[in-house]
Amino acid sequence: MIGMPLISIDNACVAYGSASRPVLSDVDLQIEEGEFVCLLGQTGCGKSTLLRLVLGSEQPLRGRILVEGREHRQPDRTRGYVPQKYSLFPDRTVLENITFGGEVSEFSIFGQLMPRYYRRRRELREEALSYLRRIGLRESDAEKYPDQLSGGMQQRVAIAQALMAKPRILLMDEAFSALDPSTRKDMQQLIRKLWCETSITVLFVTHNTHEALSLGTRIVVLAKESIDQGSRVMLDVSVPQPCQDEEIPQLMLRLESVSRTRAITDEDPRTDCSSAVPELA
Amino acid sequence: MAARFHLINARPSRTTTVVLSWVLFAAGIGLYLYTAAARQRENPEDRVTPTIGQMVRGMSGAATSGAADDDAPTQPASLVQRFSTSMLWKDTIATGRRFFCSLALLFPAVLLGLHMGLFPHVGAFFLRFVLFFDKIIALSLLPILFIAFGIDELSKIMLIVIGVTPTIILDTFNLARAVPGEQVVKAFTLGASDFDVAYRVVLKQIWPRVLNSIRLNLKAVMLFLFAGEMIASTDGLAYRIALLRRHMGMDVIIPYVLWVALLLFLADLTMRAVNRKLHPWFRES
């Protein structure tokens, strides 16, 4: 497996309903271990679909998705997942949510009746409490239910829940989109810190250029060339680490111009948008 | 121009709410008492609208002595002993036994609905059939059930099962389908198996709503149970009501009806309290 990318997407095509209106067309993307890749694009361009392909909850019409050199047809513990909503189980407390992965992977339903289960559960709870502290929550929050937490706190717990299963890849689907700007900034700092500490590979879906620039080591822009074609990778840039302030406006312009160009041409094919299209860098 | 006040935005005080909620009860009781008194004045032998005194006497007789067809206790007994051999107690036990047997049989229906909602092959296999079955009027099957299962307990329980299970299956099916797909995917990424997802994620999450659905169907369960008991039974609350109807025994029928309503009310209250206690995270919407 030496020299092989951790995630390899080759000519992936996805279509819902009619194959003549694909969502993704011939997407090629390789992601190395330890990268923080932000998938950027307009709403509806197929970012989440691409993420679900990597997750294994969706299969491509054509093409191949390899994770750790293997095709995965189901989601499993190698890939953690943090969606935008419904990321926590409402019937479990914060601590139970975080320990869920450990419990289900080690004990079946009947295994919960064994004395060993209670010993192991205590250990898992200790570990979960350490995660709780790392994500900036208090121990008094441990016994709260998700609906007693704010949106930002819920997403913090969802990240801890995913990380506790120790996946090699963390897939985040617009995970911070529903948060207010200040909480969003805190969450960005948190995920960046956790990424530095764990060197986990992250694939982060967002439609926010700022967010992509402040988080990613690499940004991949998905866009459509025309309305009847599926999205493909239109731009794939590495973000200098650390990113200098003077580089940001130039990168922003470059990233936004790619996705905006496609959005204008998609809206109405009759529109003469030549004057509105910015020059690509 | 003054802003128009919308009644829809009114916020009645607690006292007003309590008073309003009892008005219809008071009106109903008042109307009954007036009618009963008027009919008794016209005909002291009237049995259609017994007075409160007649009903108390009828009910205390039912609660302290056996039915006419029972063996009467030979020796004077305590009140508790008399109640435990009384017509009311025996009828309540007989109906209660059938009622709880039927409730227990709803559990497999919940499991079937859960599997139909989660496993597409199971859903494809059962859904159309259950939908069809749901449209059959259970009471129209009554003669067939009596022919097929005889007039014993089985036919009455089958009537309840046939009448209520399709609703419970479809309710559970819809509840299982309504669990966000993200949670199922998330559970898989945390190492859960299919059965972990079914029993440790979905069933646990929908359980309070399933209990709610069963609670709301308690009346339907009793309806089918009463239909069965009235037609073919030798004991039970509905059997007694049907029997007393022949003798115009309204002084016992009305208290029996109120007793059944009270039992159902208590069952409803208990299920609500248990649901709240067992699932503190659950908010009824």
Side-chain angles (χ1 to χ4, degrees), chain A residues 48 51-52 54-58 72-94 96-112 143-149 158 161-171 173-175, chain B residues 107-108 110-115 117-121 171-172 174-214 271-272 274-285:
Chain A
S48 297
L51 184 124
R52 284 198 294 272
V54 178
L55 193 57
S57 62
E58 200 156 297
H72 292 254
R73 303 228 153 234
Q74 296 283 338
D76 60 35
R77 269 173 84 86
T78 57
R79 287 145 295 158
Y81 176 51
V82 182
Q84 183 185 353
K85 287 192 293 182
Y86 310 118
S87 45
L88 298 176
F89 305 119
D91 55 310
R92 291 172 187 271
T93 62
V94 166
E96 288 168 347
N97 262 289
I98 301 177
T99 57
F100 178 82
E103 289 186 20
V104 288
S105 58
E106 292 178 36
F107 298 95
S108 67
I109 296 173
F110 299 109
Q112 291 178 303
E143 295 306 320
K144 286 183 179 167
Y145 285 98
D147 72 343
Q148 295 172 299
L149 303 176
Q161 184 189 44
L163 290 180
M164 178 118 165
K166 299 187 177 58
R168 284 187 76 186
I169 302 162
L170 184 61
L171 305 168
D173 191 0
E174 307 252 14
Chain B
F107 190 66
V110 170
L111 294 187
L112 179 60
L114 174 77
H115 286 89
L118 286 178
F119 300 98
H121 289 98
D171 266 2
T172 314
N174 286 325
L175 287 170
R177 301 260 297 193
V179 170
E182 286 94 335
Q183 297 209 347
V184 174
V185 172
K186 177 107 192 190
F188 283 134
T189 64
L190 294 172
S193 65
D194 282 345
F195 282 93
D196 287 325
V197 168
Y199 291 95
R200 290 161 98 168
V201 176
V202 177
L203 182 62
K204 219 166 155 257
Q205 232 178 91
I206 65 172
W207 188 241
R209 289 188 176 83
V210 170
L211 281 183
N212 241 350
S213 170
I214 293 175
M271 281 187 80
R272 264 173 190 264
V274 168
N275 215 355
R276 262 202 300 270
K277 184 81 187 160
L278 291 181
H279 311 108
W281 54 272
F282 176 61
R283 311 267 180 281
E284 276 179 62
S285 54

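Chain A is the first sequence line, chain B the second, and so forth, proteins listed ahead of strands; every chain is numbered from 1. What you are looking at is a predicted structure, and each value in this text was computed from that prediction instead of being measured.
Ranked by heavy-atom pairs under 4.5 Å with chain A, the first of B:P208, B:S193, B:A187 is B:A187. Between chain B and the residues A:Q84, A:Q161, A:M164, A:K166, the largest count of heavy-atom pairs under 4.5 Å involves A:Q161. Most heavy-atom pairs under 4.5 Å with chain B, from the set A:G102, A:G101, A:A165: that is A:G101. Taking A:E106, A:Q112, A:E103, A:K85 one by one and counting their heavy-atom pairs under 4.5 Å with chain B, the maximum is reached by A:Q112.
The shortest heavy-atom contact between A:Y81 and B:K186 is O-NZ, 3.0 Å. When all heavy atoms of B:T189 and A:P75 are compared, the pair lying nearest together is CG2-CB, 3.9 Å. Of all the heavy atoms in B:D196 and A:V104, the pair that sits closest is OD2-O, 3.8 Å. Pairing each heavy atom of A:S57 with each of B:V185, the nearest pair is CB-CG2, 4.2 Å. Taking both residues in full, the closest heavy atoms of B:F195 and A:I109 are given as O-CD1, 4.0 Å, listed atom of the first, atom of the second, then distance.
Contact annotation for A:S108: only backbone heavy atoms (N, CA, C, O) come within less than 4.5 Å of a heavy atom of chain B.
One N or O on the side chain of A:R77 and one on the backbone of B:L190 form a donor-acceptor pair closer than 3.5 Å. The backbone N or O of A:L88 sits less than 3.5 Å from a side-chain atom of B:Q183, completing a donor-acceptor pair.
Residues B:F188 and A:L55 fail the side-chain proximity criterion, which asks for heavy atoms closer than 4.5 Å. A 4.5 Å side-chain heavy-atom check between A:P90 and B:Q205 finds at least one atom pair inside the cut-off. Between B:W281 and A:R92 there is no side-chain heavy-atom pair separated by less than 4.5 Å.
Within the model, atoms CG of A:D91 and CG of B:L278 stand 12.5 Å from one another, a figure rounded to the nearest 0.5 Å.
By the 6.0 Å contact criterion, CZ on B:F119 is enclosed, its count of non-hydrogen atoms from other residues, nucleotides or ligands being greater than 12. Heavy-atom neighbours of A:Y86 OH from other residues, nucleotides or ligands within 6.0 Å: at or below the threshold of 12.
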